[in-house]
Amino acid sequence: MAKALDTKDAREAKPPRGSADSSNNSGDSIAAMLDANGVLTAEAERAANISDEELRTLYRLMVVSRRLDQEGLNLQRQGELGLWGPYAGHEAAQVGAAMAMAPTDWIFPYYRDFAMAVCRGIDPGAIMTIFRGLTHGAWNPNEYRFAPFIIPVGTQVPHAVGFALGCKLDHDDTAVLVGFGEGATSTGDWHEAMNFAAVFNVPLVFLCENNQWAISVPMRQQVSGRIADRAAGYGFPGVRVDGTDVLTVYAVVRAAADRARRGEGPYLVEALTYRTQAHTTSDDPTRYRTEADVEPWKSKDPIRRCAERLQARNAFDDAFAQAVSEEAEQRALAMRQHLLSAQTPHPASAFDLVFANPPESLLREKAEFIEALEPERGE
Amino acid sequence: MAKALDTKDAREAKPPRGSADSSNNSGDSIAAMLDANGVLTAEAERAANISDEELRTLYRLMVVSRRLDQEGLNLQRQGELGLWGPYAGHEAAQVGAAMAMAPTDWIFPYYRDFAMAVCRGIDPGAIMTIFRGLTHGAWNPNEYRFAPFIIPVGTQVPHAVGFALGCKLDHDDTAVLVGFGEGATSTGDWHEAMNFAAVFNVPLVFLCENNQWAISVPMRQQVSGRIADRAAGYGFPGVRVDGTDVLTVYAVVRAAADRARRGEGPYLVEALTYRTQAHTTSDDPTRYRTEADVEPWKSKDPIRRCAERLQARNAFDDAFAQAVSEEAEQRALAMRQHLLSAQTPHPASAFDLVFANPPESLLREKAEFIEALEPERGE
Amino acid sequence: MAKTMETTTGATNVSTVTMGKALNLALHDALQNDSRVLIFGEDVGKLGGVFRVTDGLQDEFGAERVFDTPLAEATIAATALGLAMKGFRPVAEMQFDAFSYPSFQQVTSNIAKYHTRTGGACNMQLVIRIPYGGNIGAIEQHSESPETYYIHTAGLKVVTPSTPADAYALLTAAIADPDPVIFLEPKSRYWMRQEIALPMPPAALDKARIAREGSDATVIAYGPTVQTALAAAEQAAAEGTSLEVIDLRSLSPLDMETISASVRKTRRAVVVHEAPVFMGLGAEIAARVMHDLFDVLAAPVERIGNATIPYPPARVEKLFLPDADRILEAVDRTREY
Amino acid sequence: MAKTMETTTGATNVSTVTMGKALNLALHDALQNDSRVLIFGEDVGKLGGVFRVTDGLQDEFGAERVFDTPLAEATIAATALGLAMKGFRPVAEMQFDAFSYPSFQQVTSNIAKYHTRTGGACNMQLVIRIPYGGNIGAIEQHSESPETYYIHTAGLKVVTPSTPADAYALLTAAIADPDPVIFLEPKSRYWMRQEIALPMPPAALDKARIAREGSDATVIAYGPTVQTALAAAEQAAAEGTSLEVIDLRSLSPLDMETISASVRKTRRAVVVHEAPVFMGLGAEIAARVMHDLFDVLAAPVERIGNATIPYPPARVEKLFLPDADRILEAVDRTREY
Ligand SMILES: Cc1ncc(C[n+]2csc(CCOP(=O)(O)OP(=O)(O)O)c2C)c(N)n1
Ligand SMILES: Cc1ncc(C[n+]2csc(CCOP(=O)(O)OP(=O)(O)O)c2C)c(N)n1
Ligand SMILES: [Mg+2]
Ligand SMILES: [Mg+2]
């Protein structure tokens with residue numbers, strides 16, 4: 001009999017367990033990086049050895065992302081986008097996590113992970129064509145090691161498990177990150193993925209962007225228990241971090257990815273943050289939450305917090321801030337231009353995308369479609 | 001605004017958590033009933049105040065169930081059943097749990113919970129017509145407060161949540177028990193149900209009959225982490241108990257049901273036991289496990305353990321054993337007779353079962369079916 | 001949602017409402033008339049649903065009767081099953097068509113089979129509401145027409161309204177029916193307005209409706225395509241062709257009597273839906289009509305629907321949706337045959 | 001599983017095998033010829049699958065290439081998707097028809113749409129094997145014919161063999177094809193035996209097969225019903241009627257050329273499947289054949305399948321399954337029309 005695919009002996013292995021009042025001291029070294037508020041301790045910050053330049057890059061990407069998000073809103077209001085899903089408040093979680101992954105690592109995003117896509121170098125104007133209704137797929141995942149945005153909530157989580165299993169089988173030293181909201185943890189797919197990942201001990205970092213809301217449903221009506229604590233039930237560790245502190249997210253996800261690459265298995269990071277805007281431009285949050293609900297989170301603005309960190313390091317000055325802000329403006333402009341100049345694909349191209357090896361019947365259907373179309377188009 | 005359906009504030013509420021090495025000391029009073037092996041402590045046994053007569057009833061039901069199981073195997077070997085799924089080894093879990101529920105409580109079983117059905121007073125011969133291929137539904141759930149056996153693994157778990165939510169809304173002091181195997185905990189439905197149950201704080205006892213195998217897949221390739229520990233991730237308690245000790249299962253489930261009836265919410269009981277037989281008569285366990293695997297569990301036979309408990313109480317003698325054995329024989333005979341005398345339903349009755357209010361088109365289809373049938377039948 | 005204009009005439013309450021509002025009124029009246037009715041799903045509470053169909057209901061009836069659930073459609077459906085067993089009349093919402101798919105196993109293997117499985121002892125008196133269809137400029141997964149999946153599943157009743165009045169009458173009937181009803185709401189028609197008079201006589205769940213009488217050909221439509229078919233009929237009339245338009249209302253079972261009677265008269269038929277033609281409901285209707293009226297028909301039945309592709313991006317969707325022109329071309333094919 | 005009798009003739013390996021064994025050989029050879037092929041599902045490892053289709057494969061190729069998964073069909077499908085993205089060629093097993101339903105969302109919303117969603121960048125080179133159909137005396141949920149659900153979903157290829165030779169050839173082709181293939185295995189035919197010669201030429205995934213030539217009527221069947229149709233043809237021949245039998249092999253896409261050519265010749269057609277007639281594949285075929293050959297047909301197309309009920313209990317299932325008599329009666333209806 002061949003050696004079995006290395007599954008952990010869940011009966012024998014003692015699952016890492018939390019202490020009585022916090023899952024952040026799960027006995028694993030990553031949890032130990034955090035203080036009681038889920039923020040990187042000064043000691044861990046020194047150990048993580050994150051240079052000023054790295055932190056400035058994170059800051060820059062967050063500012064750019066925030067500006068692109070604003071431009072998304074503008075474009076939607078101007079009728080140029082069918083829908084926009086703002087991610088303001090998520091910049092630290094998305095930029096921190098995406099930049100923590102090695103360029104050779106893969107990321108499986110959820111629909112709100114626009115800033116992650118930006119970090120991966122995907123042209124924002126191209127991404128936005130999705131929200132303009134031009135396409136369902138705006139980038140080549142293999143080129144950016146960045147899977148497509150997935151709309152059915154939670155379903156991307158087990159995709160990442162499968163991919164990570166492939167990485168393990170290929171022994172190619174790749175770690176995988178998967179993003180999802182706290183609402184996604186209610187889905188069956190999320191759970192199946194957590195268990196699969198643990199049983200197969202795959203190199204996967206689960207990143208929950210817990211923004212307190214799933215459209216109008218608040219956290220407490222969505223999730224019972226603490227999300228970070230759930231990892232223990234699957235025999236692997238999880239931590240809740242301050243998801244508005246980019247440095248913390250970056251350091252923790254990097255450590256979790258390193259751990260995964262060492263073959264130590266999956267890790268769950270719950271990044272607490274807040275959805276400061278509407279769910280999407282179709283939403284009306286005034287129906288279910290007040291300004292007072294949002295207020296406490298304003299002090300937790302990811303960009304300001306990062307600026308403060310840079311200031312504390314003496315690595316922030318007006319010239320830098322100005323340069324970043326100008327870059328953000330330019331990128332917003334470029335995105336708008338790219339978006340507005342993007343061609344509507346020929347409708348018949350929809351037929352070409354269905355299969356890699358399309359059956360003749362579909363090619364015939366395409367030909368008939370074009371034939372039926374042409375007179376109309378000619379009109 | 002009306003008062004919201006009482007959901008626990010999962011953010012604020014501290015989930016009950018286990019100690020470093022065992023989930024059985026979760027700080028809840030039920031966990032405190034158990035020793036390190038998941039067996040009722042002597043003290044808890046006294047407190048539970050289970051009379052000799054009650055224990056004898058449990059013994060009797062286990063012996064009868066074991067005999068009916070054996071008769072199921074016999075009948076299948078004799079070609080009288082299409083399939084049989086033996087539950088030997090589960091008697092303590094099934095009888096203990098079913099008898100722990102008040103008669104007004106509801107039970108949502110899984111396909112292996114035959115002994116539970118027997119405890120509820122359903123005629124075994126009737127139940128068995130399912131395995132003879134005569135019917136999909138052999139009893140009226142409302143009459144026995146016992147839902148039908150469900151074949152798609154895990155899917156009955158959220159049914160029980162819905163029913164328990166109804167009990168809560170009706171304020172009718174009913175608790176609900178749902179049975180499932182450890183394999184079922186891998187399904188998305190199981191997780192969704194756990195979270196729903198917790199968010200809505202319904203009166204539901206989750207009973208995992210962990211028999212170490214899901215057909216050929218052993219526990220360690222099925223589940224990562226400990227099942228009992230998973231409850232903590234949903235903010236409610238769970239214990240792992242010795243599922244071969246009927247007294248323990250009975251006392252713990254009774255306490256969990258009482259707790260549920262008091263409005264304290266769901267509870268998870270993981271009953272460790274062993275599937276001593278094949279998965280079903282279609283299975284061939286020699287392909288995936290050895291006698292040596294099974295051996296250690298032979299000493300954990302639920303019936304012998306109960307007999308020992310009765311002996312220790314001086315409540316067991318030969319006359320009793322003899323009477324029970326005779327009853328078991330009689331019931332096995334009665335079951336066989338009932339089964340073999342059960343009529344094959346008229347095939348057209350299948351049409352009558354689909355809807356409570358069948359559309360005309362279906363009635364017409366039935367008439368056509370009968371018409372097409374009659375000449376054939378006449379032949 | 002537009003404001004309703006109410007005029008009270010004796011016992012009758014006449015108002016012009018959108019389909020969304022008509023559904024809202026049906027839910028309201030069901031909650032009011034039957035204390036066992038419960039409404040739940042994602043965002044149906046304070047938000048009133050992403051299409052506001054449950055607007056105001058939690059406020060009026062309380063969060064024990066109208067409540068939000070976690071994001072878990074399988075368990076939303078399963079919860080409906082459990083509540084129905086407890087004697088409630090659950091009305092569950094799936095937020096969008098494609099998001100009903102996670103509940104597919106619960107619906108197909110349990111809800112549709114539970115009455116059979118319990119020897120008829122347990123009614124599945126429940127309704128699953130699913131906004132469906134495209135033509136709203138949405139992103140992926142928000143424009144699906146999943147009716148085939150439900151229609152093919154024996155044990156379910158599947159209905160869809162095309163007007164505010166039918167929306168009210170069918171939803172009321174669906175809630176009152178003892179069997180599980182998949183209630184498909186044509187989301188592109190949520191904003192369609194019509195005058196309705198309440199109270200309304202109960203609708204039959206299995207009867208089609210002649211939406212317009214005609215003699216030259218029958219156009220069979222349902223849900224979102226009924227208005228399209230009526231527009232085509234209007235256009236045809238201007239050109240001297242008389243089209244009969246059937247609004248199926250019930251997709252399972254099919255009201256073959258109404259369909260056959262019409263086609264017997266017109267001898268030509270076109271079926272129109274948004275779902276792909278391949279294995280869309282048009283297949284069943286075309287097969288039955290051609291089978292039953294083989295000698296009566298002047299031409300084969302034409303079918304209009306999506307191509308055999310995943311629903312296309314919003315900017316090109318119109319080219320894949322049935323429109324009056326495509327219907328008229330199909331009618332022409334049956335007339336020029 | 002019966003032992004195979006092997007005779008080696010030059011490079012060709014001729015043996016009489018069951019369909020189960022033929023599938024096993026196809027998986028074996030795929031594992032051997034392509035190191036990227038992986039096999040997984042519930043009980044496919046040591047047990048060799050509940051039907052022994054994966055028998056011995058883990059032993060020979062190791063548990064990194066043939067492995068058991070937890071009991072979670074949605075994630076089995078999703079894992080296949082992820083592995084395909086990583087360049088593997090996953091072949092996932094769903095244990096029984098009804099147990100593929102939990103994976104419905106993953107298959108419909110992701111696997112079928114991923115190639116489109118990635119602008120064609122990501123191939124979904126994966127196979128999902130599903131034993132299906134009834135007639136094996138099983139308990140509930142083990143006898144479903146779920147093909148409609150998959151066929152209606154654009155973006156999937158759906159095939160089903162009816163013989164050991166086709167089982168080998170089609171499974172080999174499915175694994176080699178760059179697109180997602182739902183591979184339906186007619187479980188009542190797992191034990192059917194046939195002599196096959198390996199290596200075998202690759203099968204086209206979208207071509208039907210004339211299983212028997214004939215001139216008086218065409219019987220269109222697939223999977224489990226092909227043998228039934230052939231038996232009917234045998235019986236008919238004895239009575240002087242010549243039936244042509246088409247084995248579809250591919251359910252999506254449909255090989256309409258082969259079907260049309262046959263019906264053009266015979267002018268009569270009967271479609272036979274185990275799935276309910278209502279919205280079964282027969283609907284699409286009947287609609288197309290009658291549409292395309294309206295003037296050629298001597299009679300309307302007949303359809304045979306289950307009634308509109310959940311699959312009945314084992315002791316009565318035969319009365320709801322297509323058999324030679326029902327086929328011949330349907331042929332008679334087309335001939336007496
Ligand atoms: C399976 C499924 N059900 C419902 C929806 C509709 N929907 C889109 S986003 C959303 C809320 C998701 O919340 P969360 O996971 O917390 O992510 P967030 O949007 O807050 O970032 C819902 C219900 C969906 N996309 N998929
Ligand atoms: C959704 C689903 N997938 C697969 C199966 C086939 N199957 C029947 S029982 C079983 C194993 C279940 O194991 P477990 O939950 O531990 O219960 P046990 O049979 O051991 O009591 C499997 C895979 C099924 N019935 N339902
Ligand atoms: Mg959220
Ligand atoms: Mg088990």
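Please read all numbers here as calculations on a predicted model, not as lab measurements. Numbered from 1 within each chain, the chains take letters A, B, ... in sequence-line order.
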Shortest non-hydrogen contact from C/Pro310 to D/Ala154?
N-CB, 3.8 Å
Heavy-atom proximity to chain D below 4.5 Å, by part of C/Ala299:
backbone
One option among C/Thr116, C/Ile151, C/Thr308 has the most heavy-atom pairs under 4.5 Å with chain D, and it is C/Ile151
Minimum heavy-atom distance C/Phe278-D/His152, with the two atoms named:
O-ND1, 2.8 Å
Given the options D/Gln106, D/Glu73, D/Arg117, which has more heavy-atom pairs under 4.5 Å with chain C than any of the others?
D/Arg117
Interchain contact, C/Ser145 with chain D, by part (heavy-atom threshold 4.5 Å)
backbone
Please give me the minimum heavy-atom distance between D/Met290 and C/Pro300, naming the atom from each residue.
O-CB, 4.0 Å
Aromatic plane relationship, C/Tyr101 with D/Phe104 - under 30° parallel, 30 to 60° tilted, over 60° perpendicular:
perpendicular
Top residue by heavy-atom pair count (under 4.5 Å) with chain D, among C/Ala98, C/Gly280, C/Gly155?
C/Gly280
Audit row: D/Arg303, C/Arg288, side-chain contact (heavy atoms from CB on, under 4.5 Å) steps and yes/no
CA-CA 10 Å; D/Arg303 295 185 280 158; C/Arg288 291 236 228 159; 3.4 Å; yes
Please answer whether the main-chain N or O of C/Met279 pairs with a side-chain N or O of D/Glu284 as donor and acceptor at a distance below 3.5 Å.
yes
Counting heavy-atom pairs under 4.5 Å to chain C, which of D/Ile285, D/Asp292, D/Thr108 comes out on top?
D/Thr108
Proximal component of C/Asn306, with respect to chain D [non-hydrogen, under 4.5 Å]:
neither
Given side-chain contact (heavy atoms from CB on, under 4.5 Å), test D/Gln141 with C/Lys113 step by step and report yes or no.
CA-CA 10 Å; D/Gln141 315 281 2; C/Lys113 298 182 172 63; 4.1 Å; yes
Salt bridge (Lys or Arg N to Asp or Glu O under 4.0 Å) partners for D/Lys157, two or more places apart:
D/Asp177, D/Asp179
Residues 250-261 of chain D: residues contacting chain C (heavy atom under 4.5 Å, by number)
D/Leu251, D/Ser252, D/Leu254
Portion of C/Thr153 that has a non-hydrogen atom of chain D nearer than 4.5 angstrom
both
Which pair of heavy atoms, one from C/Gln105 and one from D/Pro102, lies closest together, and at what distance?
OE1-CG, 3.3 Å
